[in-house]
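Order of the sequence lines sets the chain letters (A, B, ...), proteins ahead of strands, with each chain counted from 1.
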Amino acid sequence: MNYQAPRGTYDILPDEISKWHYLENIIRRNAKLFNYKEIRFPIFEKLELFKRGVGETTDIVEKEMYVFKDKKGRIFALRPEGTASIARAYIEHYMTSSQKNPLRLYYFGPMFRYSRPQKGRYRQFYQFGLEYIGSPQPIADAEIIALGMKIYQDAKVPDIKLEINSVGCPICRKEYNTTLKNFLFKDKEKYCSDCQRRMDINPLRVFDCKNDSCQNLLKNAPRMIDNLCTDCDNHFKEVLGLLKKMSVEYNVNPYIVRGLDYYTRTAFEYKIDYLGAQNEIGGGGRYDDLIEYLGGKPTPAVGLSGGLERVILSLDKSKVYIPDEDSLDVLIIPMKYEFICQSIEILQSLHKNDISSIIADSQTSLKNNLKYCDTNKVKFAIIIGEDEVISGKFVVKNIRERSQKKIIISEICDYIFSNLKLV
RNA sequence: GUGGGUGUAGUUCAAUGGUAGAGCACCGGAUUGUGGUUCCGGUCGUUGUGGGUUCGAAUCCCAUCAUCCACCCCA
């Protein structure tokens, strides 16, 4: 084998596509239910957009982007996530009219991050996302969170947990950061080397440490959630209240830190605990300052994104039944190549009636063609041989019932059409 | 980016440094125009790739590519 898919990428083969359609249909259906409109945006953008939007010091931007130059030396990056592009499009197309706002959008598509592949972690991976732009109100947060949960529940992802936190606004977060740093640096030497490094770069990350002695030291550490300003605190409490009203179960986890800089106030994650290190299948939060920061008018917004392959892995693992897609209606089997004209005639009339059909290879044995019908759940087979051509009556087999009937050519479509519903 | 495991037929897996094998799948026949069972027969490999050690390498060593696990990060 000379060529293989690049590291961290993979092919989705026809046999697996029904899972993807299943999931995409659930997302589309729910998006429609809540009046979210699909948006499609480029797979690459100016590097600057992600640097500014996602945050210069985030891991995503710092070490995980596919960056390239085009022929004129412009620097682009393959998109590592969707929100920055959505904010850009929102500003670029002046999608601000009050008749359309708040604006509800959803998207699907591949994202790219250069990281070491593992199960459930790829370099090209698929995400869906929902964005609710133009409302600062807690009901927007609650709608997004509940809708995400509904999608996972509809898809039958087992044991999904919602964790929620508030990361505050720039003002109270800044204050909190100093408080936390003071607390940490007081006993700096007592922490593990990882934690000491985290203190400088992203102090909130120390809460993720798995080291028991560090956790012990952190017991009395100040938490963001206790240091929110009044507005942020009220906002958070209202979001929680609305979730309760909507019967969405959640756990407040004061240590959720998202890897993208644009989040303000609400931050949340959807988690499962049976996929190893990849326990987060989706997440999101509020990003009230992003659009302004990228050059638009101040516009509050909240959104979420979820990874499709992690959902599919979880469905595989828990053996959730996924219905097969519609199979082929009719296989036309010419016994010899010379009957190809009659085959085409039947094929075209079936297609006119919206009945899916193909002509079998006349070199394959009848036996194998019928086997093909069995394994691929084809509904009918039409056999075309000398007898049929002379008599004008063709054998139409109902594959599942293993029965057959001779029918004149002009009535084949009607016969199959009326029997398809029964199959 | 760091540390470790794995790589053999389409697939799942065998093979003390000494002739590369089995199940499933596939193809053919029993049934010369009729399919899910059964029986019989058959095809399939530069052992991921490239070097090295050895009389001899799937097996040992090095490199490389891919994959998996943990860290990291996140979807």
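- Heavy-atom distances to RNA chain B give each of Gln127(A) and Glu388(A) a nearest nucleotide, and the one nearer the 5′ end belongs to Glu388(A).
- More than 12 heavy-atom neighbours from other residues, nucleotides or ligands sit within 6.0 angstrom of NZ on Lys271(A).
- Without hydrogens or angle criteria, Asp288(A) side chain to Pro300(A) main chain gives no donor-acceptor distance under 3.5 Å.
- Listed here is the closest heavy atom pair of Leu23(A) and Ala155(A): CD1-CB, 3.9 Å.
- At whole-Å resolution of the value, CZ in Arg310(A) and P in rC74(B) are 11 Å apart.
- Not one side-chain nitrogen or oxygen of Asn368(A) sits closer than 4.0 Å to the OP1 or OP2 atom of rU34(B).
- Remark: the separation of the C1' atoms in rG10(B) and rA25(B) is 7 Å, to the nearest Å.
- The C1' atoms of rU31(B) and rU46(B) are separated by 41 Å, rounded to the nearest whole Å.
- Spacing of C1' atoms, rC24(B) relative to rU64(B), comes out at 33 Å, to the nearest Å.
- Stem analysis of RNA chain B (at least three stacked-register Watson-Crick or G-U pairs, each with both distances under 3.5 Å) gives B:1-7 with B:65-71, B:10-13 with B:21-24, B:26-30 with B:38-42, B:48-52 with B:60-64.
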Going through the checks in order, is the side-chain contact (heavy atoms from CB on, under 4.5 Å) test met by Val167(A) and Arg173(A)? CA-CA 7 Å; Val167(A) 295; Arg173(A) 186 163 51 209; 3.4 Å; yes

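- A donor-acceptor contact under 3.5 angstrom links the side-chain atoms of Lys397(A) to the base of rU34(B).
- Looking at heavy-atom distances under 4.0 Å, Ile383(A) makes contact with a base.
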Donor-acceptor contacts, no H, no angles, side chain residues 75-84 of chain A, under 3.5 Å, sequence neighbours left out:
{"from": "Arg79(A)", "atom 1": "NE", "to": "Pro110(A)", "atom 2": "O", "distance (Å)": "2.8"}
{"from": "Arg79(A)", "atom 1": "NH1", "to": "Phe41(A)", "atom 2": "O", "distance (Å)": "3.1"}
{"from": "Arg79(A)", "atom 1": "NH1", "to": "Pro42(A)", "atom 2": "O", "distance (Å)": "3.3"}
{"from": "Arg79(A)", "atom 1": "NH2", "to": "Pro110(A)", "atom 2": "O", "distance (Å)": "3.0"}
{"from": "Glu81(A)", "atom 1": "OE1", "to": "Thr83(A)", "atom 2": "N", "distance (Å)": "3.4"}
{"from": "Glu81(A)", "atom 1": "OE1", "to": "Tyr262(A)", "atom 2": "OH", "distance (Å)": "2.5"}
{"from": "Glu81(A)", "atom 1": "OE2", "to": "Thr83(A)", "atom 2": "N", "distance (Å)": "3.3"}
{"from": "Glu81(A)", "atom 1": "OE2", "to": "Ala84(A)", "atom 2": "N", "distance (Å)": "2.8"}
{"from": "Thr83(A)", "atom 1": "OG1", "to": "Glu131(A)", "atom 2": "OE2", "distance (Å)": "3.1"}
{"from": "Thr83(A)", "atom 1": "OG1", "to": "Tyr262(A)", "atom 2": "OH", "distance (Å)": "3.2"}

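- For the pair Arg113(A) CZ and rG1(B) C1', the interatomic distance rounds to 16 Å; values are reported in whole Å.
- More than 12 heavy atoms of other residues, nucleotides or ligands lie within 6.0 Å of CD1 in Ile139(A), so this atom counts as buried by the packing criterion.
- Counting non-hydrogen atoms under 4.0 angstrom, Leu260(A) reaches the backbone sugars and phosphates but no base.
- Using a 4.0 Å heavy-atom distance criterion, Asn279(A) is classed as a base contact.
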Return all side-chain donor-acceptor pairs below 3.5 angstrom for residues 143-153 of chain A, not counting sequence neighbours, or 'none' if the list is empty.
{"from": "Glu143(A)", "atom 1": "OE1", "to": "Arg104(A)", "atom 2": "NH2", "distance (Å)": "3.1"}
{"from": "Glu143(A)", "atom 1": "OE2", "to": "Tyr36(A)", "atom 2": "OH", "distance (Å)": "2.7"}
{"from": "Glu143(A)", "atom 1": "OE2", "to": "Arg104(A)", "atom 2": "NE", "distance (Å)": "2.8"}
{"from": "Lys150(A)", "atom 1": "NZ", "to": "Asn30(A)", "atom 2": "OD1", "distance (Å)": "3.1"}
{"from": "Lys150(A)", "atom 1": "NZ", "to": "Asp154(A)", "atom 2": "OD2", "distance (Å)": "3.1"}
{"from": "Tyr152(A)", "atom 1": "OH", "to": "Ile281(A)", "atom 2": "O", "distance (Å)": "3.2"}

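- A gap of 28 Å separates the P atoms of rC13(B) and rA57(B), to the nearest Å.
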Going 5' to 3' along nucleotides 37-43 of chain B, which nucleotides have protein heavy atoms under 4.0 Å from the base (write B), which only from the sugar-phosphate (write S), and which from neither (write -)? -------

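- Distance noted for atom P between rG7(B) and rA14(B): 9 Å (whole Å).
- Spacing of C1' atoms, rA9(B) relative to rG42(B), comes out at 15 Å, to the nearest Å.
- A side-chain donor-acceptor contact under 3.5 Å links Asn165(A) to the backbone of Pro254(A).
- Rounded to whole Å, the distance from CZ on Arg258(A) to C1' on rA75(B) is 9 Å.
- Spacing between atom NZ of Lys271(A) and atom C1' of rC74(B) amounts to 11 Å, rounded to whole angstrom units.
- For Lys367(A) and rC27(B), the NZ to P distance is 10 Å, given to the nearest whole Å.
- Within 4.0 Å of Glu81(A), counting heavy atoms only, lies no atom of the nucleic acid at all.
- Rounded to whole Å, the distance from CZ on Phe207(A) to P on rC73(B) is 15 Å.
- The CE-C1' distance, from Met111(A) to rA75(B), rounds to 10 Å in whole Å.
- Summarising the geometry, the separation between CG on Leu304(A) and P on rC74(B) is reported as 17 Å, rounded to the nearest angstrom.
- The nucleotide whose nearest atom lies closest to any side-chain atom of Ile60(A) is, among rU34(B), rC74(B), rG28(B), rC74(B).
- If you take CG on Asn368(A) and CG on Asp374(A), they are separated by 11.5 Å, rounding to the nearest 0.5 Å.
- The number of heavy atoms from other shown groups lying within 6.0 Å of CG (Asp354(A)) does not exceed 12.
- Here Lys379(A) contributes atom NZ and Asn398(A) contributes atom CG; the two are 11.0 Å apart, rounded to the nearest 0.5 Å.
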Can you check nucleotides 62-72 of chain B for protein contacts, nitrogen or oxygen pairs under 3.5 Å, and list what you find?
{"from": "rU67(B)", "atom 1": "OP1", "to": "Gly8(A)", "atom 2": "N", "distance (Å)": "3.0"}
{"from": "rU67(B)", "atom 1": "OP2", "to": "Arg7(A)", "atom 2": "NE", "distance (Å)": "3.2"}
{"from": "rC69(B)", "atom 1": "OP2", "to": "Lys119(A)", "atom 2": "N", "distance (Å)": "2.7"}
{"from": "rA70(B)", "atom 1": "OP2", "to": "Gln118(A)", "atom 2": "NE2", "distance (Å)": "3.2"}
{"from": "rC71(B)", "atom 1": "N4", "to": "Arg121(A)", "atom 2": "NH2", "distance (Å)": "3.4"}
{"from": "rC72(B)", "atom 1": "OP1", "to": "Arg198(A)", "atom 2": "NH2", "distance (Å)": "3.4"}
{"from": "rC72(B)", "atom 1": "OP2", "to": "Lys210(A)", "atom 2": "NZ", "distance (Å)": "3.3"}
{"from": "rC72(B)", "atom 1": "N3", "to": "Arg121(A)", "atom 2": "NH1", "distance (Å)": "2.8"}
{"from": "rC72(B)", "atom 1": "N4", "to": "Arg121(A)", "atom 2": "NH1", "distance (Å)": "2.8"}

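- Sequence order on RNA chain B of the closest nucleotides to Tyr114(A) and Gly385(A) puts Tyr114(A) first from the 5' end.
- Residue contacts for Leu366(A): at a heavy-atom cut-off of 4.0 Å it reaches a base atom on one of the strands shown.
- Side-chain rings of Phe68(A) and Phe44(A) approach one another, their centers coming within less than 6.0 Å.
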Pairs of donor and acceptor atoms involving the side chains of residues 302-309 of chain A, under 3.5 Å and at least two apart or interchain, shall be tabulated with distances.
{"from": "Glu309(A)", "atom 1": "OE1", "to": "Tyr10(A)", "atom 2": "OH", "distance (Å)": "2.4"}
{"from": "Glu309(A)", "atom 1": "OE1", "to": "Tyr126(A)", "atom 2": "N", "distance (Å)": "3.3"}
{"from": "Glu309(A)", "atom 1": "OE2", "to": "Tyr126(A)", "atom 2": "N", "distance (Å)": "2.8"}

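- Comparing rC44(B) with rG51(B), their C1' atoms sit 29 Å apart, to the nearest whole Å.
- rC27(B) and rG17(B) are spaced 37 Å apart, taking the C1' atom of each and rounding to whole Å.
- Ser327(A) places a side-chain N or O within 3.5 Å of a backbone atom of Lys377(A) that can act as its donor or acceptor partner.
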